[in-house]
Amino acid sequence: MAYPGTFSDEPLTPAGRLFLQPHTNIIIHCILRGRNPIDIDAVKSTVKSSLMMQHPRFCSLLVRDKNGFEHWRRTQLDIDQHIIVINNRLDKSGNFMDESQGFSTEEEDEDYDEAAVNQIHHALGDGVSLMSMLMASCRRVDDADALPRMVPEKNVELKGGKRRDCFWLFGVFWWFVKMVWFTLMFVMEFTVKSLLLCDSKTVITGGDGVELWPRKLATARFLLEDMKVVKKAIPNTTINDVLLAVVSSGLSRYLDHRTPNALHEGLRMTGVAMVNLRAQPGLQDLSKSMKGNSEARWGNKFGVILVPVYYHKAGNNPLEYLKRAKTTVDMKKHSLEAYFSYRIGDLVMSLLGPKYASLLNYKLLCNTTFTISNLIGPLDEVTLAGNPISSIKVNTTSLPQAITMHVLSYAGRAEMQIIVAKDIIPDPEFLAKCFEDALTEMKEAALRNQ
């Protein structure tokens with residue numbers, strides 16, 4: 001029951017209102033697999049004592065006023081209505097099994113992990129906010145009192161230290177000129193892609209209405225150590241560069257398999273990627289994010305950038321994919337595309353309302369080939385309610401694109417959840433293998449070049 005009156009009502013953010021529209025109504029799924037059977041009472045106790053119970057977003061109902069505007073209204077939270085036990089078993093892919101089907105003899109001899117599936121509406125927050133909330137309730141396996149270790153922050157300084165000579169000033173000026181040029185170029189491209197221009201059609205292209213088609217799910221698994229070997233092949237390369245190279249190479253492999261010799265060299269496919277816009281790049285300090293005026297504020301605080309990948313026939317040097325990916329990412333990082341996309345969305349919401357902002361976002365997704373997100377998880381294995389977690393995976397409900405990829409790193413591994421429209425891509429397991437083989441081939445090439 002909601003508290004009487006509206007004294008505690010808080011308006012939704014523009015992004016929150018966007019995710020309530022029919023075309024952009026998105027649910028986030030987080031799958032936690034435990035090494036031991038789940039103790040439901042321990043889970044409830046952990047939730048009741050967590051910061052989640054203090055956070056207004058998780059203790060509020062969504063209400064609409066007489067003018068149709070959405071608000072959060074504080075209410076009493078009943079944990080038993082939100083923790084639901086399903087006794088169906090899971091197969092190796094994490095899919096529910098019909099008990100009448102049973103398992104083969106070989107599978108029955110194995111120990112199956114226990115799983116918890118969290119469903120959270122995107123209006124509550126983005127991946128960074130929600131993962132921060134989850135990690136605040138977890139503890140390290142090797143230290144039951146310690147919070148999970150995250151990737152340490154890096155302080156970036158302009159080369160040249162405190163020099164203020166003419167060369168330094170010229171460098172700053174040239175940096176500014178490039179930022180303005182790249183921003184103008186990418187913002188113009190973003191606008192045209194949102195309104196007019198769509199990717200060339202291939203066998204992996206989605207489109208209007210495809211979000212309603214049946215889906216299949218597969219997982220590509222990578223070792224972060226392998227990615228680190230690859231990124232050393234080219235100076236100043238990042239894990240994100242390697243990931244984009246893997247996507248580019250993997251899609252080329254898959255298209256070669258589905259339509260050999262049917263595509264021209266260098267065919268462009270455009271991806272939509274999310275960029276965290278908070279001042280703190282990693283997971284957030286919840287004590288700060290719960291304060292309304294904090295730069296690390298809770299909610300949806302991300303921009304969107306377009307990341308092009310290109311089809312190339314098999315036989316090319318695998319590290320060429322990495323060189324192209326690094327060039328693309330370097331230019332994107334040097335622009336304000338993500339910031340402008342966020343501000344443009346806010347402007348459209350303010351001037352035209354959430355309906356037209358949602359349609360604009362939907363049009364962008366229809367005109368592109370895939371969406372990809374990448375989230376950094378804890379460095380070490382963690383426990384939740386005393387149960388060691390063997391894996392953490394995230395994905396979302398369907399988009400009009402035929403491929404959506406969500407990557408999360410955890411304890412030295414990275415798992416990519418690949419969600420596809422199965423009538424367009426009937427074999428996502430093979431697509432996952434294309435991505436895995438792409439990284440393996442790049443690693444072998446990097447080792448040969450050492």
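For the numbers below, each heavy atom of this structure counts, side chains included, while hydrogens, waters and symmetry mates do not.
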Evaluate side chain to side chain contact (heavy atoms under 4.5 Å, CB included) for Ile372 paired with Asn374, printing each intermediate quantity in order. CA-CA 7 Å; Ile372 185 168; Asn374 182 23; 5.7 Å; no

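- Of the candidates His55, Arg278, Arg57, Ser129 forms a side-chain hydrogen bond (donor to acceptor under 3.5 Å, both in side chains) with just one, namely Arg278.
- At a threshold of 4.5 Å between non-hydrogen side-chain atoms, the residues Glu436 and Phe222 count as touching.
- Here the NE2 atom belonging to His71 is positioned 10.5 Å from the CZ atom belonging to Arg64, to the nearest 0.5 angstrom.
- Environment of NZ in Lys433: sparse, with no more than 12 heavy atoms of neighbouring residues, nucleotides or ligands closer than 6.0 Å.
- With a 4.5 Å cut-off on side-chain heavy atoms, Phe182 and Lys332 do not count as touching.
- Between atom CG of residue Asp241 and atom CE of residue Met227 there is a gap of 11.5 Å, rounded to the nearest 0.5 Å.
- When the ring-ring contact (aromatic ring centres under 6.0 Å, His included) test is applied to Phe19, the partners found at least two apart in sequence or on another chain are His122.
- Residues Ile392 and Met135 share a closest heavy-atom pair of CD1-CE, 4.1 Å.
- Annotation: ring-ring contact (aromatic ring centres under 6.0 Å, His included) contacts of His23 (sequence neighbours excluded): Tyr362.
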Show your working on side chain to side chain donor-acceptor pair (under 3.5 Å) between Thr371 and Gln401 and close with a plain yes or no. CA-CA 7 Å; Thr371 286; Gln401 297 156 328; 2.5 Å; yes

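- Between Leu62 and His121 the shortest side-chain heavy-atom distance does not fall below 4.5 Å.
- Taking the charged nitrogens against the carboxylate oxygens, Lys193 and Glu337 have no contact shorter than 4.0 Å, which rules out a salt bridge.
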Walk me through whether Lys216 and Asp427 qualify under salt bridge (Lys or Arg N to Asp or Glu O under 4.0 Å). CA-CA 9 Å; Lys216 290 185 73 174; Asp427 49 357; over 6 Å; no

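- Proximity of Val394 to Leu130: side-chain heavy atoms (C-beta onward) are nowhere separated by under 4.5 Å.
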Begin with the C-alpha distance, continue with both residues' side-chain angles, and end with the deciding distance and a verdict on salt bridge (Lys or Arg N to Asp or Glu O under 4.0 Å) for Lys44 and Asp41. CA-CA 5 Å; Lys44 291 182 179 179; Asp41 290 335; 5.2 Å; no

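- The shortest side-chain heavy-atom distance between Pro426 and Arg258 falls under the 4.5 Å cut-off.
- At most 12 non-hydrogen atoms from other residues, nucleotides or ligands lie less than 6.0 angstrom from NZ of Lys232.
- Residue Thr369 is tested with Asp199, Thr270, Thr202 for a side-chain hydrogen bond (donor to acceptor under 3.5 Å, both in side chains); the sole match is Asp199.
- Remark: the Asn395 side chain and the His406 side chain contain no N/O donor-acceptor pair separated by less than 3.5 Å.
- Annotation for Glu114 and Asn36: closest pair CG-O, 3.2 Å, computed over non-hydrogen atoms.
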Can Ser137 and Thr46 be said to form a side chain to side chain donor-acceptor pair (under 3.5 Å), step by step? CA-CA 7 Å; Ser137 298; Thr46 299; over 6 Å; no

Side chain to side chain donor-acceptor pair (under 3.5 Å), that's the test. Do Asn361 and Thr24 meet it? Break it down for me. CA-CA 8 Å; Asn361 185 76; Thr24 48; 5.4 Å; no

Could you go step by step and tell me if Arg139 and Asp143 meet the salt bridge (Lys or Arg N to Asp or Glu O under 4.0 Å) rule? CA-CA 7 Å; Arg139 296 296 181 267; Asp143 187 346; over 6 Å; no

